[in-house]
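Residues take their numbers from the sequence shown, with the count starting at 1.
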Amino acid sequence: MNETVSLLIEGLVVLIASFVGTFGFAILLQAPRRAWFPASAIGAVAYALSFVLIQLGISQMLAIFLSALLGSVAAQYCARKMRMIATIFITLSIVAQVPGLGLYRCMELLARQQNSAAAAAGVEAMSSILMIALGLGVGAFLFRILVTPRAHRT
């Protein structure tokens with residue numbers, strides 16, 4: 001029971017922190033004001049999903065893929081409902097998942113001439129980026145197939 005409460009509190013902190021971080025990026029990237037809250041909520045939920053899945057024992061790459069997939073579908077839906085371009089929501093849905101620290105560590109290890117450790121860190125970071133891209137692509141594909149009316153498909 002205590003472990004469950006701890007995971008819940010940690011998940012809530014992750015959700016709030018990723019919301020605030022994504023909100024900051026929305027401002028920084030000069031997204032339209034009316035997109036700030038929904039895009040930040042999508043980004044926060046997507047990252048929190050990734051965090052929870054990893055805590056439950058699912059591999060990091062699968063968790064990143066599934067959270068990017070959720071973020072992509074939610075971003076496409078929100079863009080359609082708000083009559084805005086999906087790029088705004090998609091970009092902000094993955095901001096928290098970008099492996100910036102992993103890429104930084106790779107460059108730091110390269111600078112220290114620790115090539116094997118740098119290669120391992122680089123492969124992990126690039127794998128995360130690949131899973132994000134794959135999740136976004138699959139999410140956009142599924143959204144187009146499942147939501148777009150047949151009459152409007154070309």
Self-check item: Check: Asn2 main-chain N/O paired with Ser6 side-chain donor or acceptor under 3.5 Å
Solution: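 Side chain of Ser6 to backbone of Asn2: no pair is present.
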Practice problem: Answer yes or no: is there a donor N or O on one side and an acceptor on the other, between the side chain of Ser128 and the main chain of Glu124, under 3.5 Å? | Solution: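 Judged by distance alone, yes, a pair lies under 3.5 Å.
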Self-check item: Contact check, side chains of Arg80 and Val147, non-hydrogen atoms, under 4.5 Å
Solution: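 Answer yes - side chains close enough.
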Nearest-0.5 Å distance that lies between atom [atom1] in [X] and atom [atom2] in [Y]:
| X | Y | atom1 | atom2 | result |
| --- | --- | --- | --- | --- |
| Ile132 | Leu130 | CD1 | CG | 9.5 Å |
| Met131 | Ile94 | CE | CD1 | 13.5 Å |
| Gln114 | Arg105 | CD | CZ | 13.0 Å |

Only distances under 3.5 Å count here; give the side-chain donor-acceptor pairs of residues 16-37 to other protein atoms, sequence neighbours excluded, each with its distance to 0.1 Å.
| unit_1 | atom_1 | unit_2 | atom_2 | d |
| --- | --- | --- | --- | --- |
| Ser18 | OG | Val14 | O | 2.8 |
| Ser18 | OG | Leu15 | O | 3.1 |
| Thr22 | OG1 | Ser18 | O | 2.7 |
| Arg34 | NH1 | Met82 | O | 3.2 |
| Arg34 | NH2 | Met82 | O | 3.1 |
| Trp36 | NE1 | Ala31 | O | 2.9 |

Honestly curious: do [X] and [Y] fall in one hydrophobic cluster under the side-chain, below-4.5 Å linking rule?
| X | Y | value |
| --- | --- | --- |
| Val95 | Leu134 | no |
| Phe89 | Leu92 | yes |
| Leu53 | Val45 | yes |

Quiz item: Counting only heavy atoms not in Tyr47, do more than 12 fall under 6.0 Å of its OH?
Solution: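 For Tyr47, atom OH is not crowded (no more than 12 foreign heavy atoms under 6.0 Å).
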Practice problem: List in chain and number order the residues that pass side-chain contact (heavy atoms from CB on, under 4.5 Å) with Leu103, two or more places apart in sequence or in another chain; answer none if no residue qualifies. | Solution: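 Leu103: side-chain contact (heavy atoms from CB on, under 4.5 Å) contacts with Ala125, Met126, Ile129.
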Quiz item: After noting the C-alpha distance and the side-chain angles of Leu8 and Leu12, does the key distance pass the side-chain contact (heavy atoms from CB on, under 4.5 Å) rule?
Solution: CA-CA 6 Å; Leu8 257 167; Leu12 186 60; over 6 Å; no
Output side-chain donor-acceptor pairs under 3.5 Å for residues 54-73, partner residues at least two apart or in another chain, one line each.
| unit_1 | atom_1 | unit_2 | atom_2 | d |
| --- | --- | --- | --- | --- |
| Ser59 | OG | Leu62 | N | 3.3 |
| Ser67 | OG | Ala63 | O | 3.1 |
| Ser67 | OG | Ile64 | O | 3.0 |
| Ser67 | OG | Gln97 | OE1 | 2.8 |
| Ser67 | OG | Gln97 | NE2 | 3.3 |
| Ser72 | OG | Leu136 | O | 3.0 |
| Ser72 | OG | Ala140 | N | 3.2 |

